Number of protein chains: 2
Amino acid sequence: MLIHSASQLITLAGGPQRGSDLGRLEIIPDGAVYIQDEKIAAVGSTRDLRRAYPDAPEVDASGRVVMPGFVDPHTHAIWAGDRAVEFEQRLQGKTYLEILAEGGGILSTVRATRTSSLEKLMAETRPRLWSMFTCGTTTAEVKTGYGLRTAVELRMLQALLTLNNEGPLEIVPTFLGAHAIAPEFLERPDDYTALICNTMLPILKEWWSHQAPYADLPFVDVFCETGAFSLEQSRSILTRAKELGFPLKIHADEFDNLGGAKLATELGAVSADHLVKTSPEDIQALANSQTAAVALPCTPFGLAETRYTPAQDILNAGGLLAIATDLNPGTAWCENMQFAMALACRYMRLTPAQAIAAATINAAAAIGRADRIGSLEPGKQADLLILSVPDYRHLGYRFGVNLVQTVIKKGRIYPV
Amino acid sequence: MLIHSASQLITLAGGPQRGSDLGRLEIIPDGAVYIQDEKIAAVGSTRDLRRAYPDAPEVDASGRVVMPGFVDPHTHAIWAGDRAVEFEQRLQGKTYLEILAEGGGILSTVRATRTSSLEKLMAETRPRLWSMFTCGTTTAEVKTGYGLRTAVELRMLQALLTLNNEGPLEIVPTFLGAHAIAPEFLERPDDYTALICNTMLPILKEWWSHQAPYADLPFVDVFCETGAFSLEQSRSILTRAKELGFPLKIHADEFDNLGGAKLATELGAVSADHLVKTSPEDIQALANSQTAAVALPCTPFGLAETRYTPAQDILNAGGLLAIATDLNPGTAWCENMQFAMALACRYMRLTPAQAIAAATINAAAAIGRADRIGSLEPGKQADLLILSVPDYRHLGYRFGVNLVQTVIKKGRIYPV
C-alpha cells in the first residue's frame, strides 16, 4: 500500500531527540510511505515511490499531513466506575480530605475495580481505548494499580493482555501494585511494601511466564510521593523488581520532591514521570542518564494547578523529554494526546514540532520501543496517521477537537 | 419520533437562569422526548410517553444523557487561511508587535479573507461548522469582521446565509465591521467609524431587506478595546445600529476596561462578551440589566493567560451568565463547546450543571433565542443531543474529547 501526496510527511527519522535537538521533524514535502504487510518498507517523495512501486494500491493523502501514530507513554486507562460526582463536589467547595473521609478519591476507584469481573473491567475500558485510538494513539502504556491486591492486579494485567490481542490499540502493560497503599495496610505501609516485594512481584514473574511467555516483561512502576510510597519504600520495590528482571518506571515529584527522579537514574529506569517539583540537580541527573523524562500536562490542567513540568529546564540540561496524557479517572480523564500537546505548547512552551517529537519518537523511547515505533522509517511498524490538516503546526495551535482523519495500525486502515 | 429511556433527560425547563439560579437542570430520570416534525411535542417519563404515543418510531437512549443541543453564542467561525505559523513564532519568542509588524495578527486573516471568493470562504468554513455540529452545537452565532470593507463584509454575510440554508448547523449572523480598524484607516480610526455608521450600516439594512427579508436582522457588534474601538467610537456605531433597528452585542473588557459593558446596558444590548477586566460596578450594572454576560474561556486558555471572566462575581451580582467558544483563528481555534465547559469548571469554578445551563438556555438568551431553543420543552425546536455517558457530570469532568454520540437538529438525526 502506498500512501502518497502528503503535504508534509513527518518522518521523525534518526532516533530519540535529546535537549535542543527536540523538534527535528525531518519533513518530506509531497511525501509518500510504502507499507508492506505490517511494516514500513520505504519512505520518500511521491514521485520516487510511485516509480518504485507502480502497482501498489494507493491511498491519497493530498493536502494533508502524514505522521507516525502517537505513543502515549503513561496512562491508567483501565479502571471501573468514574468519579464524576467527586468532581462536582470539589467544585462545590468540598476539600480533598473531606472527599477521602467519605470514601472518595483513588480508593473509590479501587473499590469499583476490585468488585468488577474481568469482563466488566474490559467492557468499561474498551471505549476509552477506542477513543485513544481514534484520537491517533497507536500504542499506549497502560498501568494496573486499582487492585492493590495480587489477584486483582493480575486480573487487570489479564485484561490488558486480552485487550491488546483484540486491538487495534497496542498496549504496553505496567504493573503498578505500588500505586497507593492498599486500604488494608493504611496503618502499616511497610507491610504492604513487603507484600509487593516478597509476594506480588515473584508471583507476577511466574504468572507472566505462563500467560505471556513470548511478550516483553511488563514495566514495574511506583508512585513515589508523600501519602503514597516513600523514597525508601520505592527503592525496595524497584530494586526487587530489577533483580527479577523487570524494566522500571517511576512516578516522581508530582507534589513533593522525595528524590524519586534521582532514584530512577540510579536504578536505570526507562522513565521518570510527572517531574513537576524536580530540583535542578535532579533534572541534571536525569539528563545525564538514559532515563526519559515524561511530562503529564493534563494532570495540572485537570486540577487547575498552575505549575507544569519545567520542560525548558529539562531541555536545557539535555534531557530526553516525552509527553503523555496520564489518562485516569481522578485528575485527567483525557484520551487525546493532541490535547496534551496543546497544553505542552501553552504551559511548557514547546513548539508544535517539539510537542510532536515528544509525543512520538521520544514517547516510544519512554516505553523502550523506539526501535520499533515512533517514526516513519523502513523496518518500523506501519503505525501512522493521516491528519485532516495541511501543516503540522495545527497540532498545538488548535485544541479541544480531533484532527486525525485516518489511523493506520500495523498496516491496516481505520477511518476515524 | 420518541427518544426514550434516557438515564437523565436534562430539560432545563423554565427559562434563562440568573445568578444563584444557574444550574437548575430539571432532570427527568428514565426520560423521554416526543418529537413531531421539527418540534418537541412532549417531554416526560418513558412510561408516560410510551403510553401516550404507542405508535411512534423509537430511538433508544438507555444508559445515556439526553439534553438540549449546545448554543454557541459567540464565534468568528467564518474566515480564510490560518495563523498556525504565527502560533509557532510566538512560542519561539517573537512578540505580538513583531508579528504585527510583519503583517501577522488579525490583519493577515483580513488579507486572506478579502482575497477569497464566496465559494472559497464557504469551502474553508464548512469543516469548522461541521466540527461544531458534531461536537453538539446545534445553533451558533457567527460574526463577520475579517472583511472590514463593505463588499467583503457583505460577502461574509452572504456566505453565512447560504451556509445556514445548507444546514445542519443553524447560524445566527452578526455584523462585526467594527472588529478592527481597517488597514486603510489605521491613521484615522474616526473615519473608519464614520464609514461604518454612515455607509456600512445603512447599506447592510438595505441589503438585508432584499437578501433575507423574512429573517431576523443580524446583530451589530463592536470590539470596544484599546487598539480597536474606543468607548466613544463604540457608542457611535452601536447607537446608529440601534436607530436602524439592529439588535446589539459588544466585545468588552477583554484586556482593558473602557466602559463597554456599561455601554451595553445603556443601549440595551442583548449581550456583552469577554468581560475579563470588568469592574464590580459594571458587573452590577450588567446584573441589573437585561444584557447577558458571555464568558469566553477558550481565549485566555488559547493565550495561556491566567485571568478568566469572574463568573462567581457575575453570579453573586445576579447576572445572566452564558459561555461560548469564541472560535477564531488567532486566539482560540476550538469548535467544541464541551471544552469551553471544561475550562469554565476549572477556571471560572462553575459546576457541571452551571456550565450546562450557561451553554444551552442562557446561551440561547445571549442571542435572543431563548423562546425557541436552549431547553427541551413542548413547542421548542427539536434540537437535542444524546451523549455517550450516563451522567451529566461527565461534561466538565472529562476533557479534550467529544462526548456527543448523536445530534438531533430540527427533528432530524445525525449520528456522530
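Numbered from 1 within each chain, the chains take letters A, B, ... in sequence-line order. Values reported hereafter were calculated over all heavy atoms of this structure, with side chains retained and with hydrogens, waters and symmetry mates removed. Everything numeric here is computed off the predicted structure, so don't read it as measured data.
- B/A332 touches chain A through backbone and side chain together, each having a heavy atom under 4.5 Å away.
- With sequence neighbours left out, B/Y392 forms a ring-ring contact (aromatic ring centres under 6.0 Å, His included) with no residue at all.
- Interface summary for chain B: among A/T325, A/T306, A/N336, the most heavy-atom pairs under 4.5 angstrom belong to A/N336.
- Heavy atoms of B/T351 lying under 4.5 Å from chain A belong to its backbone as well as its side chain.
- For A/Y414, the ring-ring contact (aromatic ring centres under 6.0 Å, His included) partners two or more places apart in sequence, or in a different chain, are A/F133.
- Residues of residues 80-92 of chain A lying under 4.5 angstrom from chain B, judged on non-hydrogen atoms, are A/D82, A/R83, A/A84, A/V85, A/F87, A/E88, A/R90, A/L91, A/Q92 by number.
- Among residues 393-401 of chain A, the residues having any heavy atom closer than 4.5 Å to a heavy atom of chain B are, in sequence order, A/R393, A/H394, A/G396, A/Y397, A/R398, A/F399, A/G400, A/V401.
- If you tally non-hydrogen atom pairs under 4.5 Å between each of B/C298, B/G302, B/P127, B/C135 and chain A, the highest count goes to B/G302.
- Taking B/A340, B/S131, B/C345, B/A353 one by one and counting their heavy-atom pairs under 4.5 Å with chain A, the maximum is reached by B/C345.
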